[in-house]
Amino acid sequence: MELLRDEKPAGPVITGFAGRGFRVRDHVFDSGILIDPSGVVPWDAPTTIDKLTVEMLRPILDLDPPAEFLLLGTGPRLVRPSAAFVRAVEAMGIGVEAMDSRAAARAWGVLRQEDRQIVGALLPHR
């Protein structure tokens with residue numbers, strides 16, 4: 001029996017962690033990252049999740065086609081974003097899934113393997 005593997009979806013893959021930041025293939029991001037199926041950029045993330053605004057995430061929330069949901073990495077531990085922030089993102093037709101940043105990085109790989117149209121904002125581990 002021959003085992004056939006599906007091709008991996010295009011886009012960045014978080015391959016590990018580096019200090020407070022993330023490794024995406026061979027590039028290390030020492031701070032937070034904004035990630036979508038087409039790429040990843042360093043993100044000057046707020047120091048705490050309660051300072052997060054929708055405007056800070058415009059580069060990934062305004063994509064076409066729009067994301068199914070925002071994978072929000074909240075740093076070293078899960079911190080729920082404000083209800084007002086969640087409502088504002090959901091008003092754009094995008095769900096919000098919050099978890100600690102390491103869990104979000106792992107979830108990114110699983111969900112992209114499923115070819116899900118997601119975006120991510122991952123705060124560094126402080």
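Quick note: numbers below take in every heavy atom, side chains included, and nothing from hydrogens, waters or symmetry partners. If you read the sequence from its start, that first residue is 1, and numbering goes on from there.
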Can you see which heavy atom on Ile94 is nearest to which on Leu61, and at what distance? CD1-O, 3.7 Å

Please check if the side chain of Arg112 supplies one atom and the backbone of Arg116 the other of a donor-acceptor pair under 3.5 Å. yes

Taking the side chain as C-beta and beyond, is there a heavy-atom pair between Phe69 and Leu111 under 4.5 Å? yes

Should Leu123 and Leu78 be counted in the same cluster of Ile, Leu, Val, Met, Phe, Trp and Tyr side chains packed under 4.5 Å apart? no

Can any side-chain N or O of Glu68 pair as donor or acceptor with the backbone N or O of Gln117 at less than 3.5 Å? yes

Could you tell me which non-hydrogen atom of Trp108 sits nearest to which non-hydrogen atom of Gly120, and how far apart they are? CZ3-N, 3.9 Å

Hydrophobic clusters here meaning ILVMFWY residues chained together by side-chain heavy-atom distances under 4.5 Å, can you tell me if Val28 and Leu34 are in one? no

Between Arg20 and Asp30, which heavy-atom pair has the shortest distance, and what is it? NH2-O, 3.6 Å

Is the closest side-chain heavy-atom distance between Leu72 and Val89 below 4.5 Å? no

Nearest-0.5 Å distance, CG of residue Leu57 to CG of residue Leu52: 5.0 Å

Could you walk me through whether Arg58 and Glu55 pass the salt bridge (charged side-chain N to carboxylate O under 4.0 Å, His left out) check? CA-CA 5 Å; Arg58 284 288 173 201; Glu55 289 306 313; 3.1 Å; yes

Interatomic spacing from CD1 in Ile14 to CZ in Arg102 - rounded to 0.5 Å: 11.5 Å

Shortest non-hydrogen separation from Ile118 to Pro37 and the atoms involved: O-CD, 3.2 Å

